[in-house]
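Only one structure is covered here, and it is reproduced in the block below.
Letters go in sequence order (proteins before strands), and every chain restarts at 1.
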Protein chains: 2
Amino acid sequence: MLELAVLGLLKEQPLHGYELKKRLSDALGLLWGVSYGSLYPALRRLERAGAIEVVEAPPADTPAAPMPATGSIGGEAAAARMRRLGKVSRRTRKAYRLTTRGEQMFGELMTSDTGPGADDERSFALKLAFCRYLPVDARLELLERRRSDLAARLSRARGSRSGGDHYALSLLEHRRKSTERDLEWLDELIATEREARAANSPQQGATA
Amino acid sequence: MLELAVLGLLKEQPLHGYELKKRLSDALGLLWGVSYGSLYPALRRLERAGAIEVVEAPPADTPAAPMPATGSIGGEAAAARMRRLGKVSRRTRKAYRLTTRGEQMFGELMTSDTGPGADDERSFALKLAFCRYLPVDARLELLERRRSDLAARLSRARGSRSGGDHYALSLLEHRRKSTERDLEWLDELIATEREARAANSPQQGATA
DNA sequence: CTCTCGATATATCGCCCCGATATATCGAGA
DNA sequence: TCTCGATATATCGGGGCGATATATCGAGAG
């Protein structure tokens with residue numbers, strides 16, 4: 001799960017742990033605030049698996065690892081000043097870059113079906129956030145698999161006879177409605193996606 | 001989290017692990033299917049903490065632990081038959097009973113504020129499921145705390161300017177609407193609760 | 001000028017939860 | 001008889017989380 005998030009973020013550009021944490025908590029903070037206690041072990045796992053590799057980031061004069069000027073890593077000027085003063089500070093800062101193996105792993109994770117588990121929602125939201133990296137057919141498959149999962153859950157919810165007090169009943173009902181809304185939303189997404197596919201490759205309808 | 005669920009179920013009657021698992025997965029399975037890998041350690045923790053204690057459940061002729069006839073623990077007839085035949089089978093079956101300390105811990109867990117964390121929703125749903133054991137004021141506090149948490153999340157969601165592609169935007173928007181629905185639902189619950197309180201003790205409005 | 005404070009940055013620890021798996025008994029039916 | 005599914009308890013590895021430790025750096029207070 002976390003692996004996928006990291007891989008997805010690193011597809012754009014190399015980043016170091018702190019920045020990854022911020023992006024996962026803020027930008028992708030739709031749901032889910034990742035902790036260092038999971039992030040750094042995840043980075044080590046990915047490194048061990050050969051999916052990412054360290055690039056020596058720091059002082060701006062290292063041409064080997066050109067970090068984008070878009071403030072993602074600050075402090076280069078300061079580091080340069082220190083070096084001029086004869087100090088070697090260089091606080092430990094490692095940036096990670098996606099390898100070919102990492103790209104491959106990203107693709108596998110994006111299309112793998114972990115089955116409806118506990119963090120269903122997180123998992124789907126994450127995949128949706130990186131949906132743009134998938135070919136159109138894979139996008140549709142992702143959306144439709146989610147749709148069928150939710151539909152199954154809904155019919156299960158409808159089937160179970162109500163046991164419990166007022167509060168439990170109300171919660172159950174609210175969640176049922178909520179799932180229905182989710183399905184409607186998914187249907188919209190699917191429709192949009194189908195239109196886009198039809199517009200981009202209309203010959204598919206004629207040849208197949 | 002799991003502790004609270006176990007404690008809550010044991011308030012009704014003593015149960016053994018397997019039955020607890022079933023009830024947590026089915027009856028309370030609104031969300032959340034607990035695994036043995038968490039349940040048995042949780043039982044051990046609770047036992048260590050003195051919140052629950054083992055009652056020797058099995059063969060129906062043990063008057064010390066009168067299990068309710070409501071099929072929660074089956075197999076007594078079979079066990080009796082075996083005993084008649086001279087066999088001592090007695091497959092290991094331990095039922096757990098809530099202690100006074102356990103009742104106390106339940107109260108603490110129900111009213112404690114873990115703050116908006118990851119399993120926000122689970123936690124609230126769980127507390128709502130056992131809401132009936134709380135005094136009315138505590139119920140209202142529970143509902144209102146949840147309301148303020150959701151309201152905070154909503155305003156945060158509204159505040160963050162949209163960054164991301166079509167999919168991320170759509171997801172964000174959908175989740176925003178979803179939270180709004182949740183708030184409406186909570187408001188209904190709160191209103192109902194207030195009416196109930198007013199009906200049960202109308203003098204409160206006059207004396208205070 | 002110094003001192004502290006908050007942001008930057010990496011890393012680890014213990015705890016909880018989960019899925020998978022092992023083990024064993026028992027009733028029902030092939 | 002033999003297998004299958006339900007009953008029942010337990011453990012293992014691994015991931016995620018909150019808390020915490022450590023260290024540097026820029027900025028503002030005194």
Side-chain angles (χ1 to χ4, degrees), chain A residues 1-6 15-22 24-25 32-48 54 57-59 71-82 85 87-96 114-120 122-123 126, chain B residues 1-6 15-22 24-25 32-49 54 57-59 71-82 85 87-96 114-120 122-123:
Chain A
M1 271 248 29
L2 223 190
E3 269 94 339
L4 178 56
V6 170
L15 295 169
H16 53 257
Y18 189 79
E19 183 65 22
L20 279 168
K21 163 77 157 71
K22 269 203 302 187
L24 286 170
S25 298
W32 197 11
V34 168
S35 70
Y36 290 120
S38 14
L39 178 59
Y40 284 106
L43 285 173
R44 258 179 269 121
R45 284 197 304 273
L46 286 171
E47 205 181 348
R48 229 187 309 136
V54 178
S72 64
I73 298 186
E76 283 81 358
R81 210 179 308 130
M82 296 219 58
L85 292 171
K87 304 206 180 186
V88 210
S89 99
R90 277 272 209 147
R91 56 210 251 230
T92 54
R93 280 158 89 238
K94 293 188 279 186
Y96 297 90
T114 56
D119 21 50
D120 241 1
R122 280 187 181 188
S123 176
L126 192 56
Chain B
M1 272 250 26
L2 226 190
E3 270 94 338
L4 178 56
V6 170
L15 294 169
H16 54 257
Y18 189 78
E19 182 65 22
L20 277 168
K21 163 77 156 71
K22 270 204 303 188
L24 286 171
S25 298
W32 198 13
V34 167
S35 70
Y36 291 120
S38 15
L39 179 59
Y40 283 106
L43 285 173
R44 259 181 267 120
R45 284 198 303 274
L46 286 171
E47 204 180 351
R48 230 187 309 134
V54 177
S72 65
I73 298 186
E76 282 82 357
R81 211 178 307 128
M82 296 219 58
L85 293 171
K87 305 206 178 187
V88 211
S89 102
R90 276 274 209 145
R91 55 211 251 236
T92 55
R93 279 159 88 239
K94 293 188 280 186
Y96 297 90
T114 56
D119 20 51
D120 241 4
R122 279 189 181 186
S123 176

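Here A:Tyr40 reaches the OP1 or OP2 of C:dT10: one of its side-chain N or O atoms lies under 4.0 Å away. Here A:Ser35 does not reach the OP1 or OP2 of D:dG16: none of its side-chain N or O atoms lies under 4.0 Å away. For the pair B:Tyr18 and D:dT7, the criterion of a side-chain N or O lying under 4.0 Å from OP1 or OP2 is met. For the OP1/OP2 pair of D:dA10 and a distance below 4.0 Å, the side-chain nitrogens and oxygens of B:Lys94 include at least one atom meeting the criterion. Close to C:dC18, at under 4.0 Å from its OP1 or OP2, lies a side-chain N or O of B:Trp32. For the OP1/OP2 pair of C:dC18 and a distance below 4.0 Å, the side-chain nitrogens and oxygens of B:Arg122 include at least one atom meeting the criterion. Contact check, B:Ser38 against C:dC18: a side-chain N or O comes under 4.0 Å of OP1 or OP2.
With rounding to whole Å, B:Glu3 atom CD is found 6 Å from C:dC17 atom P. For the pair B:Asp120 CG and D:dC17 P, the interatomic distance rounds to 13 Å; values are reported in whole Å. Whole-Å rounding puts the B:Leu39 CG to D:dT9 P distance at 9 Å. As rounded to whole Å, 11 Å separates atom P of D:dT9 from atom CG of B:Leu15. To the nearest angstrom, P of D:dT9 lies 13 Å from CG of B:Leu24. The distance from atom NZ of B:Lys21 to atom C1' of C:dG19 is 11 Å, rounded to the nearest whole Å.
Residue contacts for B:Gly17: at a heavy-atom cut-off of 4.0 Å it reaches the sugar-phosphate backbone alone, with no base atom in range.
Contacts between residues 41-49 of chain B and DNA chain C, defined by a heavy-atom separation under 4.0 Å, are made by B:Arg45.
Stem analysis of DNA chain C (at least three stacked-register Watson-Crick or G-U pairs, each with both distances under 3.5 Å) gives C:1-30 with D:1-30.
The ring-ring contact (aromatic ring centres under 6.0 Å, His included) check on A:Tyr18 picks up nothing, with sequence neighbours excluded.
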